[in-house]
Amino acid sequence: QVQLVESGGGLVQPGGSLRLACAASGRSFDGYAMGWFRQAPGKEREFVGAIRWSRGNKDYADSVKGRFRISRDAAKNTVYLQMDSLKPEDTAVYYCAAAATYGLIQSTRGYDYWGQGTQVTVSS
C-alpha cells in the first residue's frame with residue numbers, strides 16, 4: 001500500500017525555520033509529482049509547492065516563493081519542505097501528496113495519494 005508520512009512540524013516563532021519531511025513508500029514514484037499543501041482552520045486546502053520526482057522541476061505558490069524550498073532524496077524516498085522566515089499566516093496543517101500525472105499539480109484534485117498531515121504553528 002502506498003503511504004505518505006509527514007514529520008517535522010511543531011511550534012516556531014515568527015522568523016524561524018522548520019524542515020518538514022514526507023517519507024514515501026509502497027511504490028516507485030518515478031514520473032510522479034510530489035506536492036505540499038496546507039490547510040488553516042476555516043480555509044480551503046491550498047497549494048504550497050511541488051517537485052517532479054525524476055526531473056527535479058519545482059513550482060511554488062506566490063505566498064511562499066523565496067521562503068520555502070522543496071527537495072527530494074531518492075535514496076531515502078523522502079521529499080522535504082524547508083521553510084524559512086516563517087510568518088504567523090503560515091500556520092496550518094501541512095500535507096504531502098503524490099500525483100501520477102503532472103497536469104494539475106497545483107490543485108488537490110490532481111493528486112492520488114495523501115499523507116495525514118503535520119501541524120505547523122508560527123506564534124510568539
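Counting begins at 1 with the first residue of the sequence. Below, all heavy atoms of this structure are taken into account, side chains as well, without hydrogens, waters or symmetry copies.
- Residue Tyr60 comes nearest to Ile70 through the heavy atom pair OH-N, 2.8 Å, listed as atom of the first residue, atom of the second, then distance.
- Side-chain contact check for Asp84 and Ser17: at least one donor-acceptor pair (N or O, by modelled atom type) lies under 3.5 Å.
- Checked by atom type and distance alone, the side chain of Thr91 pairs as donor or acceptor with a backbone atom of Pro88 at under 3.5 Å.
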Task: Working for side-chain hydrogen bond (donor to acceptor under 3.5 Å, both in side chains), residues Arg27 and Tyr32 - done: CA-CA 11 Å; Arg27 63 156 296 141; Tyr32 273 67; 3.0 Å; yes

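- Note on Lys65 versus Asp62: salt bridge recorded, some NZ/NE/NH1/NH2 to OD/OE distance being below 4.0 Å.
- A salt bridge links Arg38 to Asp90: one of the charged nitrogens lies within less than 4.0 Å of a carboxylate oxygen.
- Contact annotation: the side chain of Val12 never approaches that of Thr121 to less than 4.5 Å [non-hydrogen atoms, C-beta and beyond].
- One N or O on the side chain of Asn77 and one on the backbone of Ala24 form a donor-acceptor pair closer than 3.5 Å.
- Exactly one of Tyr111, Tyr95, Tyr94 qualifies for a ring pair (Phe, Tyr, Trp, His ring centres under 6.0 Å) with Phe37. That residue is Tyr111.
- Panel note: side chain Lys58, backbone Gly56; a donor-acceptor pair is recorded below 3.5 Å.
- Glu6 places no side-chain N or O within donor-acceptor distance of the main-chain N or O of Cys22, the cut-off being under 3.5 Å.
- Judged as a ring pair (Phe, Tyr, Trp, His ring centres under 6.0 Å), and not counting sequence neighbours, Trp53 has no contacts.
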